Amino acid sequence: MLTEVISSIGEAGLAAVTGYAVVFLGIVLLMAVMYIMGAIMKASQKKKVPETSAAPAAAPAANAPEAPGSAGKLKLYDTDPKTAAMLMAIVADKMGKPINELRFISIKEVK
């Protein structure tokens with residue numbers, strides 16, 4: 001009787017260890033495939049974008065057209081862009097209007 005219990009516990013342990021090994025091996029193989037795919041993608045990106053060190057600088061953003069739905073320029077005084085974005089989202093939420101229907105001209109930190 002005792003030998004049957006020990007035998008069944010041993011078999012269960014062996015099955016569990018085998019299962020863990022199979023899952024671990026699958027994860028390692030998946031990681032290897034992802035690494036290889038990343039290397040292939042990096043190589044293809046380098047081929048697509050030639051290096052142009054002698055190319056003229058891009059036009060400044062000030063001359064770029066505004067994005068669709070944009071309400072113009074926003075001037076920030078003593079405020080970082082992340083805080084400004086959070087304030088604009090809070091105002092739009094409190095007013096119950098979409099943020100693209102509001103126009104913010106400037107944001108200044110009150111000290």
Side-chain angles (χ1 to χ4, degrees):
M1 180 82 160
L2 184 61
T3 57
E4 290 177 15
V5 172
I6 292 174
S7 175
S8 64
I9 291 175
E11 289 176 5
L14 182 63
V17 170
T18 304
Y20 293 143
V22 168
V23 170
F24 184 73
L25 181 65
I27 291 172
V28 169
L29 289 175
L30 182 61
M31 188 171 62
V33 168
M34 295 299 290
Y35 180 77
I36 292 169
M37 291 295 292
I40 292 170
M41 295 301 276
K42 284 181 183 178
S44 69
Q45 288 292 345
K46 286 182 181 178
K47 288 180 183 177
K48 286 183 181 180
V49 182
E51 292 187 28
T52 55
S53 58
N63 295 338
E66 294 177 356
S70 175
K73 303 286 182 194
L74 172 65
K75 295 179 184 170
L76 300 177
Y77 300 100
D78 298 328
T79 307
D80 62 308
K82 184 178 177 182
T83 304
M86 290 184 353
L87 288 171
M88 291 188 290
I90 291 168
V91 169
D93 184 58
K94 292 292 182 183
M95 293 183 70
K97 292 192 173 236
I99 199 164
N100 64 344
E101 291 183 6
L102 301 175
R103 179 159 187 219
F104 296 90
I105 298 171
S106 68
I107 297 177
K108 180 178 182 179
E109 181 181 353
V110 178
K111 295 180 181 182

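Any value given below was found using the heavy atoms of this structure, including those in side chains, with hydrogens, waters and symmetry copies removed. Keep in mind the model is a prediction, meaning the values are calculated, not measured.
- Side-chain contacts under 4.5 Å among hydrophobic residues (ILVMFWY), followed directly or transitively, place Ile36 together with Ile40.
- Think of Leu14 as one node in a network of Ile, Leu, Val, Met, Phe, Trp and Tyr side chains linked at under 4.5 Å; it has no links at all.
- Residues near Tyr35 contribute nothing to a hydrophobic cluster around it, because no ILVMFWY side-chain heavy atom sits closer than 4.5 Å to its side chain.
- Under the rule for a side-chain contact (heavy atoms from CB on, under 4.5 Å), the partners of Lys75 that lie at least two apart in sequence or sit in another chain are Tyr77, Ser106.
- The other members of the hydrophobic cluster of Ile27, by chain and number, are Val23 (side-chain heavy atoms under 4.5 Å, ILVMFWY only).
- Contact detail for Thr79 and Ile107: the closest heavy-atom pair is OG1-O, 3.9 Å.
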Hey, can you pull the donor-acceptor pairs under 3.5 Å for the side chains in residues 83-97, sequence neighbours left out?
unit_1: Thr83; atom_1: OG1; unit_2: Asp80; atom_2: OD1; d: 2.5
unit_1: Thr83; atom_1: OG1; unit_2: Asp80; atom_2: OD2; d: 3.4

